[in-house]
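Below is one structure, written out as structure tokens, with a few remarks after it.
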2 protein chains.
Amino acid sequence: MPVFLDTTQPGFDDAFAALLNAKREESPDVDAAVAAIIADVRTRGDAAVIELTARFDRLELTADRLAITADEVDAAIAAVPAEERAALELAAERIRAYHERQMPADDQWIDATGATLGWRWTPVSAAGLYVPGGLASYPSSVLMNAIPAKVAGVARLVIAVPTPGGEVNPLVLLAARLAGVDEIYRIGGAQAIAALAYGTETVAPVDKITGPGNAYVAAAKRRVFGKVGIDMIAGPSEILVIADADNDPDWIALDLLSQAEHDESAQSILITDDAGFGRAVAEAVDRRLETLDRRAIAGASWRDYGAVITVRDMDEAARLSDRIAPEHLELCVADPQALAEKCTHAGAIFLGRFTPEAIGDYVGGPNHVLPTARSARFSSGLSVMDFLKRTTLARMTPEALAAIGPAAEALAQSESLQAHGLSVRARLDQLNR
Amino acid sequence: MPVFLDTTQPGFDDAFAALLNAKREESPDVDAAVAAIIADVRTRGDAAVIELTARFDRLELTADRLAITADEVDAAIAAVPAEERAALELAAERIRAYHERQMPADDQWIDATGATLGWRWTPVSAAGLYVPGGLASYPSSVLMNAIPAKVAGVARLVIAVPTPGGEVNPLVLLAARLAGVDEIYRIGGAQAIAALAYGTETVAPVDKITGPGNAYVAAAKRRVFGKVGIDMIAGPSEILVIADADNDPDWIALDLLSQAEHDESAQSILITDDAGFGRAVAEAVDRRLETLDRRAIAGASWRDYGAVITVRDMDEAARLSDRIAPEHLELCVADPQALAEKCTHAGAIFLGRFTPEAIGDYVGGPNHVLPTARSARFSSGLSVMDFLKRTTLARMTPEALAAIGPAAEALAQSESLQAHGLSVRARLDQLNR
């Protein structure tokens, strides 16, 4: 049974706080094992990666078999049914169009002193994308990570994907091809992250690593952070649906279940201003649950972390939403635009009754890699910005230096940084000669 | 003695690689101590913070004395000399003007299917800025962290600054006042980071923490990351100066020393196409070193990590620069703009002979919080973006869903996410009725 809350009932605040603070995931402590794997790959390179792949993926490789060749990709994607290929192509096209609009502009201007100021964006030279193997090997995630990198201008984009027992998902390879990925290696786990960060004889190192993974991958990403850039460490996923009574309870139930089916630690929350509608949705969830292949997973998520919250009005709904700071926020109300203005902390907002969150997972255009576990309070989904960096630019003329240099000198002195002040003073003295 | 390298000499590649890989800082392992401090503050709140402040800062506080009041700020800043106040005001004004131009734009458009897509930027609600006490308590850093937060629209901006023995730097308080900081607490170390992240009876929690600190502060920031956002963990700082022979060796020497005087683990590198000029700069460094108050620090940095590299031409200089990916890059050449185009990995570039790096530390306008230790390959300096987050927006019309929904359904099925597909299908079925 999910929890049923009502903001008009005593004890709501404590119950809501308990919901917010529920710990949904215990990370196993694999840090020592991961440290050893990384050290091994740094020392022995390919040989270590090959041994670890034999051990963890039951796959015997040689150095010249680490990469999946273009011919192998061709062969695998030839078998993809036309409908799936067309769907993936549409998704790639829409994701590319959306992310192309995200490209930030360079700027340069001359200020009142005559100084030229500005900045310039450039892509990271090489990026690595981790793709989980097995069940969680989602071609849509390949598109969502790889396309922003290529739109940003990353020249060398590498995928690491474990292929347990040698099996590889042809759709993952097709997604990589559509996104323009340059190299693919059949390696996974902490050893793949180590190879991407430090390089081996076969795998040249990258500058940035993104993509989801299991506890070993997450721990390895934390450890190599600093040597390379990483994206967020994703936590369990969540959806908040705010819906009035003018919705089909079955649609809303399916939206909640589309989050719950990801993972037992996923969280689905409904906020409604109509208690009867809330009960109708919960009943529809129970009916639909029985029919789902993944009912064990979705049922556990809904039972342990699901919630139906009745509020006085939609303003109260928006305030609760900001406290939840959901990864996904669906607004199934008459005026979703007006309600969206009131919800300031959310990874992605889906507006209106015809925008189920699943659209955003695949073909909407915006990225589906989004801040989880309340981190939408301070962070954003994946974007081209994750593959760009900004260099600031400043050029003084002698006149500009004469205008602002003395202030720099004064501040340097106040901070006891004498050489800082002298480096300005030496130039000012020449100007005054 | 700094190292002297020449790209035409045998062994250059190995020597340059050794320079790149030199480990300049050993972090003491304070993680266990920090974990205990954070747990204590989470459990006991103010009482823990007060005890730890008495122990580490030799300062006896009570809960109502944790905050530095507006009256205390008034009294302290009244004593600031007019010249220093004017310099700080000029710096604040220029930093604000630069960062206001960084504000990213919201966007919203309707695509060919009729779907409305876009994104919206909003500020984090509350941010905390850590300011070190004692020697490293730099008012310029207060401006560089606080102004971008306020330009971004952060409603509640909090400073934590330890005041060992009760002493506080009036310029830090003035900088906080000029930047519009809302609350200041006289607390420091891991206990301050814990209070900012988790809150106490007196200190309300924030969503994002930025600012430099010692090993305890850095370890605490790593530990609270996820609960709140953090900025980069700064490593030792570096400068690369690329200079031709048409410079005054003394100016270049001072620029190199202005980095070296920060810290014994700072690194200053000169690249020049004229070996004689390189030697002249090194001699000027030695002369200037004798006169500096901080000659012990600057001398150790120059001796242990300094380098003078002679190259064949400036194209080669740019290629080496990209391998160094320096935090600060000074281009003291005839056509700095052309050379800047060839240098793609740098935190900040200072163009021309009249732009010493120290200008950028104080009054140039761009931020002085920049990526260190080669991380300019994948990351950027502090900016308004660090205090903003992006929410993506998508709204389907029935027609848009009819156009792209079937592709989403097909991909959901291929990923075995049944409820995802059904949430789309239920709506499509109604449209087809």
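Protein chains get the first letters and strands the later ones, always in sequence-line order, with residue 1 at the start of each. Since the model is a prediction, treat every value here as computed from it, not as a measurement.
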Original post:
Using the ring of each side chain (for Trp, its six-membered ring), is A:W109 parallel, tilted or perpendicular to B:Y98, with breaks at 30° and 60°?
Top reply: tilted
**OP:** Let me know if A:T113 has heavy atoms under 4.5 Å from chain B in its side chain, its backbone, both or neither.
**Re:** side chain
Original post:
Which heavy-atom pair separates A:A115 from B:R94 by the least distance, and what is that distance?
Top reply: CB-NH2, 4.2 Å
Original post:
If you tally heavy-atom pairs under 4.5 Å against chain B, which of A:L90, A:T122, A:D255 wins?
Top reply: A:D255
**OP:** Indicate whether the side chain of B:Y362 and that of A:E415 have a donor and an acceptor atom separated by less than 3.5 Å.
**Re:** yes
**OP:** Between chain B and each of A:N169, A:V124, A:V363, A:L431, count heavy-atom pairs under 4.5 Å; write down the option with the most.
**Re:** A:V363
Original post:
So which part of A:W119 gets closer than 4.5 Å to some heavy atom of chain B, the side chain, the backbone, both or neither?
Top reply: both
Subject >> Distance-only side-chain donor-acceptor flag, B:H345 / A:S125, under 3.5 Å >> reply: yes
Subject >> Heavy-atom side-chain proximity of A:R395 to B:F350 below 4.5 angstrom >> reply: no
Subject >> Rounded distance (nearest 0.5 Å) linking atom CD of B:E84 with atom CG of A:L411 >> reply: 7.5 Å
Original post:
A:E83 and B:A410: which non-hydrogen atoms are nearest, and at how many Å?
Top reply: OE2-CB, 3.9 Å
**OP:** Flag the pair A:L117 / B:P366 as yes when at least one side-chain heavy-atom distance between them is below 4.5 Å, and no otherwise.
**Re:** yes
